[in-house]
Amino acid sequence: MKTEHLITVREFCVYHNVDNTFINSLQQAGLVSVMIKSNDTFIPETELQKLEKMISLHQLDINVAGIEAITHLLDRMEQMQQKLIGMHNRLRIYEEE
Amino acid sequence: MAFIDYYKILGIDKAATDKDIKNAYRKQARKYHPDLNPNNTEANKKFQEINEANEVLSDPEKRKKYDKYGENWQHGEAYEQQSRQQQSRQNNNGGPGGFEGFGGGFGGGEDFSDFFQSMFGGAGSAGGGRRTGYRGQDLNAEFQLNLQDTLQTHKQTLTVNGKNIRITIPAGIENGQTIKIAGHGGAGTNGGPAGDLFIKFNIPADARFKRDGANLYNTIKLDLYTAVLGGELMVETPTGKVKVKVKPETQNGTKVKLKGKGMPVYKKENESGDLFITYDIQIPVNLTDKQKQLFEELSKS
C-alpha cells in the first residue's frame, strides 16, 4: 500500500490560525477534498498546495465565494498563458531575425 | 544603497494607525500577491516591496526605529552596528552559482532589500506578512536549449540549491514549455511535503529553421536553370543534408514537403513533423552579351 502523509484538519487549522469552518466551506464549494478516517478529518498531501494558496488569499480578507471565483479565473488565466506561448512561438515563423 | 519610503509603498502617511497599515497592506497584496499573479515577475517584485514595508511598519519596534532615523538612517547607530553583519552576508552571496544556462535563478525566497538588511539585520520574522505552510515552496528556474538539443530525449544534471538532480528533457520540447520536477522545491515544515521545481525551457529562434510545433520551415535559393530544367539539390535538415529532386518547370514559391524531417513530436516516440521548403528562384544577373542573346532567342521562341 502506498503510504501517504496525512495532516489532521485540526492540526492544520491551529498551525495556520484558521477556523475549521473555513475548510468546511471550501470543501462544500468543491474547492478542496478532505479524507475521513477513523472519525477524524484529514487533508491529503495532494490538496495541501491548493489549500495553502487559498489560506493566503483568505488572510487578505477574501471570502470563500471570492476564492472560488479567483480559482476559476486563475485556471482560465493559465490556459490563456499556455495559448499565448503557443501563439508567440507560431508568430516567430513570420519574424525576420 | 537608497532609502526606501515604506509609507509611500503602502500609500499611507506617517500618522497611519496599525489598522490603516494592515488594510493598506491587504489592499496592495490583493493586487500583487504571487498566488494571484502567476508567472509575473514584476508583480512578485512589487509584492516583495509591499511585504517588506509591512514587515517594518506593522512591527512597533521596527517602525519606531525606521521613523527615528528616516532618511538620515546612515548616520544612525543601527547602520554602524549592522554594517559588519552586512559585509559577511555579502561575502556569502558569491556561493554556488548553479549551472550554466540557468537564467532567472530561483524565485520564491523572501528577499529583503539591502536597505532593510542594513537597518534591521538578517531576514525578517516569518510571522509578519506570510506564514510558511506545511508544504515547501515551489521553485522556478529557467534553462536554455538550442533547437538542436531538442532533437533527442536527453538527460541533464542540474545543480539546484546545492543538490544535483538528474532530469530527462523529452525530445521535441518547445520554447516556453515548463517541466515540473515534483518534490525538488523547498523543504516542507512539520513533516509536510517538499514543494516542486518548475523548469521553464527557453529555446531561441533558430537561424536556419522556422518552427511551428513539430513542423519546420525553410526557404531555399534555387537557380533558374535547375528550376526550369529540373535536377537535384542538397537540402539541410536538422539531422543532416538530404538530396531532393527538383521537378522541371518548378515555379517560384513552390513549397515541398520533406516528410518526417521536422522535429520529433513531444512525448510521442518515433513520430516526427515535416520539413517544408519553399523555393526562392534566383534570376541570373550580370549577363554576358551571349547570354542576353540566348534569352532574347528564348523569348521569341
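Chain A is the first sequence line, chain B the second, and so forth, proteins listed ahead of strands; every chain is numbered from 1. Note that the structure is a prediction, hence the values are computed from the model and not measured.
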Find out whether B/Arg30 and A/Asp61 are in side-chain contact, i.e. whether some heavy atom of one side chain is under 4.5 Å from a heavy atom of the other.
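Yes; the side chains approach each other to less than 4.5 Å.
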Determine whether A/Ser56 and B/His33 make a side-chain contact, defined as any pair of heavy atoms from C-beta on separated by less than 4.5 Å.
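Yes - at least one pair of side-chain heavy atoms lies under 4.5 Å apart.
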Atom CD of B/Gln282 with >12 non-hydrogen neighbours under 6.0 angstrom:
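Yes, the 6.0 Å shell around CD holds more than 12 heavy atoms from other groups.
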Heavy atoms from other residues, nucleotides or ligands near NZ of A/Lys50 exceed 12 (cutoff 6.0 Å)
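Yes.
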Roughly how far apart are [X] [atom1] and [Y] [atom2], rounded to 0.5 Å?
{"X": "B/Thr178", "Y": "A/Gln82", "atom1": "OG1", "atom2": "CD", "answer": "6.5 Å"}
{"X": "B/Asp35", "Y": "A/Lys53", "atom1": "CG", "atom2": "NZ", "answer": "5.0 Å"}
{"X": "A/Arg90", "Y": "B/Arg211", "atom1": "CZ", "atom2": "CZ", "answer": "13.0 Å"}

Work out which heavy atom in [X] is nearest to a heavy atom in [Y]; give both atom names and the distance.
{"X": "A/Asn89", "Y": "B/Glu174", "result": "ND2-OE1, 4.0 Å"}
{"X": "B/Asn39", "Y": "A/Gln81", "result": "ND2-OE1, 2.8 Å"}
{"X": "B/Arg135", "Y": "A/Glu52", "result": "N-OE1, 3.2 Å"}
{"X": "A/His88", "Y": "B/Asn175", "result": "CD2-ND2, 4.2 Å"}
{"X": "B/Leu36", "Y": "A/Met77", "result": "O-CE, 4.5 Å"}

Would the distance check show the side chain of A/Glu45 and the main-chain N or O of B/Pro193 forming a donor-acceptor pair, the cut-off being under 3.5 Å?
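Side chain of A/Glu45 to backbone of B/Pro193, a donor-acceptor pair under 3.5 Å: no, none is there.
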Should the ring pair A/Phe12 and B/Tyr134 be called parallel, tilted or perpendicular, given that the plane angle runs from 0 to 90° and is split at 30 and 60?
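Geometry flag for B/Tyr134 against A/Phe12: parallel rings.
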Residue, of B/Gly195, B/Pro204, B/Gly213, B/Gly188, that accumulates the most heavy atom pairs under 4.5 Å with chain A:
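So the answer, after comparing B/Gly195, B/Pro204, B/Gly213, B/Gly188, is B/Pro204.
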Considering only heavy atoms, which portion of A/Leu74 lies under 4.5 Å from any heavy atom of chain B: side chain, backbone, both, or neither?
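Contact with chain B involves the side chain of A/Leu74 alone.
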Heavy-atom proximity to chain B below 4.5 Å, by part of A/Leu51
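It is neither, since no heavy atom gets under 4.5 Å.
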Without hydrogens or angle criteria, can the side chains of A/Gln49 and B/Asp138 be said to hold a donor-acceptor pair below 3.5 Å?
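The criterion, which ignores hydrogens and geometry beyond distance, is satisfied for B/Asp138 and A/Gln49.
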Only pairs of heavy atoms separated by less than 4.5 Å count here; which of A/Leu73, A/Ile85, A/Ile62, A/Leu60 has the most with chain B?
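Most pairs with chain B among the choices: A/Leu60.
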